[in-house]
Amino acid sequence: MGGPAPVVADARRAVRTALADLGPGDLVLVACSGGADSTALAAATAFVAPRLGLRAGAVVVDHGLQDGSAEVAATAAARCRDLGLAPVSVRRVVVVTDGGGPEAAARTARYAALAAAADEAGARAVLLGHTLDDQAETVLLGLARGAGARSLAGMAGRRGALRRPFLGLRRADTEAVCRTLGLGWWDDPTNSVPVAAPGTPDAGPAAAPEPGAGAPPLRSRVRGLVVPALVEVLGPGAVPGLARSADLLRDDADLLDELAARLLADALRPAGATPGATDGATDGTTDGTTDGTTDGATAGGTVELEVEPLAAAHAALRRRALRAAAVRAGCPASDLFAVHVDALDALVVGWRGQGPVHLPGDLRGVRACGRLALGPPGSTSRREPAPTPAPTPSAQE
């Protein structure tokens, strides 16, 4: 008797690897949208999990952003139940756009719903259906924004409870899995971008829909227009090459983030303490926290850092530490860009008496008394005088 089709075997092998560390009886949930990627993931998980002694269920998130979304969610949930997954739940979320764009808002709502579902069900892991193609698109979007190594590192195969078994598979592979197993799937219409055939006068980026109302999401335009153009010019290895770059950069970014966390822990000081005092020493953790009274944050949310250790550090570590400090103070990470970190860095190594740095979330960064304070307006009002230039000797001296 022959085994499964090679593409089905690959999908099951990827899931088996992702779940290898879980113990008997543990529950894993599949995040299923009804698309080919998550449907193939649901099928592979339904096959693999019981053979590993695991329980497997699914969560379907209905964003409510398209007509008929409730029916799509119900169909996806029914298909998961037919595959043998249990429990299966549908969660409708309210997507609130707060300036970061509808895609970011939907993503935030989706991950919050998945976290809540996992917590309520006691799941050890949540599986996401992102593929190698998704990874390549993420890298391209990061490149276009001028992002740093962490963003260009793309999506991690595992972060917390979230796991992405299919980052080594192509989108064509997941569709092949569904076809082989006789599973239908839902094609999200927002992913459809008309692309002219190569060589025609209106082919390429010029054929892209104008951004604005009714235009497909940015990621969909990258998927339908940019990626095909890259493959046409650079060859079929372009997409795997982008994903491979993400893997290499992730190792580098992980190390730099760890070193930056140590720097931040060293620079953090309890609000109100004398600069240089030792009563703010941390307990050796790398997240910059202490026993709860000396974590560098006041009751109002202000984070205070000593400038000296920051100024002595390498720029790559200092900038990461400053970004982490801003997020700790309350800056929305998705709205914190290089221009903000540059301005904070100037307060450390380019100090000339400049005024407060305005940060996302209506926060301020102010240098005072050898410290950098990050927090709400009013909590960081003191400013350090600009350095006084050394007197120039006169001709009579």
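Below, all heavy atoms of this structure are taken into account, side chains as well, without hydrogens, waters or symmetry copies.
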**OP:** Any chance you could measure Leu27, atom CG, to Leu22, atom CG, to the nearest 0.5 Å?
**Re:** 9.5 Å
Subject >> Gap separating the OG1 atom of Thr45 from the CG atom of Leu83, nearest 0.5 angstrom >> reply: 9.5 Å
Subject >> Student check: side-chain heavy atoms of Leu363 and Pro376 closer than 4.5 Å >> reply: yes
Original post:
To the nearest 0.5 Å, what is the distance between OG (Ser38) and CH2 (Trp186)?
Top reply: 9.5 Å
Original post:
Looking only at heavy atoms, which two atoms of Val72 and Ser33 are closest? And how far apart?
Top reply: CG1-O, 4.1 Å
Original post:
Does any N or O in the side chain of Arg320 come within less than 3.5 Å of the main-chain N or O of Ala260, such that one atom is a donor and the other an acceptor?
Top reply: no
Original post:
Given the rule in the salt bridge (charged side-chain N to carboxylate O under 4.0 Å, His left out) test, do Arg244 and Asp247 qualify, once you have shown the distances and angles that lead to the verdict?
Top reply: CA-CA 5 Å; Arg244 186 165 54 252; Asp247 291 338; over 6 Å; no
Original post:
Any side-chain heavy atom of His130 within less than 4.5 Å of one from Leu167?
Top reply: yes
**OP:** Take Arg145 and Ser151 through the side chain to side chain donor-acceptor pair (under 3.5 Å) test and state the conclusion after the steps.
**Re:** CA-CA 10 Å; Arg145 290 195 304 266; Ser151 182; 3.1 Å; yes
Original post:
Taking C-beta and beyond as the side chain, do Leu140 and Leu230 meet within less than 4.5 Å on heavy atoms?
Top reply: yes
Original post:
Between Asp362 and Arg364, does a side-chain contact (heavy atoms from CB on, under 4.5 Å) hold up when you go through it step by step?
Top reply: CA-CA 7 Å; Asp362 195 28; Arg364 304 290 185 271; 3.1 Å; yes
Original post:
With a 4.5 Å heavy-atom cut-off, do Arg352 and Leu347 have their side chains touching?
Top reply: no
Original post:
Would you find a donor on one side and an acceptor on the other, under 3.5 Å apart, between the side chain of Arg171 and the backbone of Asp133?
Top reply: no
Subject >> Leu374/Thr302 under side-chain contact (heavy atoms from CB on, under 4.5 Å): CA gap, chis, key distance, verdict >> reply: CA-CA 5 Å; Leu374 310 176; Thr302 301; 5.8 Å; no
Original post:
So, the side chain of Ser89 versus the backbone of Val59: is there a donor-acceptor pair under 3.5 Å, distance only?
Top reply: no
Original post:
Can you find a heavy atom in the side chain of Leu127 that is under 4.5 Å from one in the side chain of Leu29?
Top reply: no
Original post:
Do Leu259 and Leu268 share a hydrophobic cluster (ILVMFWY, side-chain heavy atoms under 4.5 Å, transitive)?
Top reply: yes
Original post:
Is the backbone N or O of Asp266 less than 3.5 Å from a side-chain atom of Arg269, with the two atoms forming a donor-acceptor pair by type?
Top reply: yes
Original post:
Can you tell if the side chain of Leu372 reaches within under 4.5 Å of the side chain of Leu322, non-hydrogen atoms only?
Top reply: yes
Subject >> From CA spacing to verdict: salt bridge (charged side-chain N to carboxylate O under 4.0 Å, His left out), Arg164, Asp134 >> reply: CA-CA 11 Å; Arg164 298 179 172 90; Asp134 295 306; over 6 Å; no
Subject >> Shortest non-hydrogen contact between Thr174 and Ala40, atoms and distance >> reply: O-CB, 3.7 Å
Original post:
Closest approach of Gly64 and Ser69, non-hydrogen atoms and distance?
Top reply: CA-OG, 3.4 Å
Subject >> Passing candidate, side chain to side chain contact (heavy atoms under 4.5 Å, CB included) with Leu242, options Thr138, Leu234, Val139, Leu132 >> reply: Val139
Original post:
Could you state the interatomic distance from CG (Asp26) to CG (Leu52), rounded to the nearest 0.5 Å?
Top reply: 11.0 Å
Subject >> Val303 and Leu305, any side-chain heavy atoms less than 4.5 Å apart >> reply: yes
Original post:
Is Val349 reachable from Val357 through a run of hydrophobic residues whose side-chain heavy atoms are each under 4.5 Å from the next?
Top reply: yes
Original post:
So Asp254 and Arg150, salt bridge (charged side-chain N to carboxylate O under 4.0 Å, His left out) or not? Walk me through it.
Top reply: CA-CA 8 Å; Asp254 286 346; Arg150 171 53 65 195; 2.8 Å; yes
Original post:
For the side chain of Glu137 and the backbone of Gln135, is there at least one donor-acceptor N/O pair under 3.5 Å apart?
Top reply: no
**OP:** Mark yes or no for whether Asp335, through its side chain, and Pro332, through its backbone, hold a donor-acceptor pair below 3.5 Å.
**Re:** no
Original post:
Between Arg12 and Phe47, is there a donor-acceptor pair closer than 3.5 Å when you use the side chain of the first and the backbone of the second?
Top reply: no
Original post:
Are Arg91 and Asp62 close enough that some pair of their side-chain heavy atoms sits under 4.5 Å apart?
Top reply: no
Original post:
Between Arg79 and Asp82, is the closest basic N to carboxylate O distance under 4.0 Å?
Top reply: no
**OP:** Walk me through it: do Asp252 and Leu248 pass the test side-chain contact (heavy atoms from CB on, under 4.5 Å)?
**Re:** CA-CA 7 Å; Asp252 295 346; Leu248 296 172; 5.7 Å; no
Subject >> Test log, rule salt bridge (charged side-chain N to carboxylate O under 4.0 Å, His left out), inputs Asp21 and Arg158 >> reply: CA-CA 12 Å; Asp21 64 314; Arg158 181 179 301 189; 3.4 Å; yes
Original post:
Between Thr39 and Gly34, what is the shortest heavy-atom contact and its length?
Top reply: OG1-O, 3.3 Å
Subject >> Check: Leu141 main-chain N/O paired with Arg219 side-chain donor or acceptor under 3.5 Å >> reply: no
**OP:** To the nearest 0.5 Å, tell me how far Leu317 CG sits from Leu310 CG.
**Re:** 10.5 Å
**OP:** May I ask you to check whether over 12 heavy atoms, not counting those of His314, lie within 6.0 Å of atom NE2?
**Re:** no
**OP:** For Asp188 and Gln66, test the side chains for any donor-to-acceptor distance below 3.5 angstrom and give the result as yes or no.
**Re:** yes
Original post:
Is it the case that one hydrophobic cluster holds both Leu336 and Val339, taking links as side-chain heavy atoms less than 4.5 Å apart, direct or via other members?
Top reply: no
**OP:** Please check if Met155 and Val239 belong to a single hydrophobic cluster, counting links between Ile, Leu, Val, Met, Phe, Trp and Tyr side chain heavy atoms closer than 4.5 Å.
**Re:** no
**OP:** Please check if the side chain of Arg250 supplies one atom and the backbone of Ala153 the other of a donor-acceptor pair under 3.5 Å.
**Re:** yes
Original post:
When hydrophobic residues are tied together by side-chain contacts of less than 4.5 Å, even through go-betweens, does Leu169 share a cluster with Leu19?
Top reply: yes
**OP:** Give the minimum heavy-atom separation between Arg319 and Val341, together with the two atoms involved.
**Re:** O-CG1, 3.7 Å
Subject >> Closest non-hydrogen atom pair, Arg318 against Ala311 >> reply: NH1-O, 3.9 Å
Original post:
In Å, rounded to the nearest 0.5 Å, how long is the span from CG of Leu143 to OG of Ser245?
Top reply: 8.5 Å
Subject >> With Arg371, the side chain to side chain donor-acceptor pair (under 3.5 Å) member among Glu308, Glu304, Glu306 >> reply: Glu304
Subject >> Leu41 vs Phe166, side-chain contact (heavy atoms from CB on, under 4.5 Å): CA-CA, chis, key distance, verdict >> reply: CA-CA 8 Å; Leu41 179 60; Phe166 283 179; 3.8 Å; yes
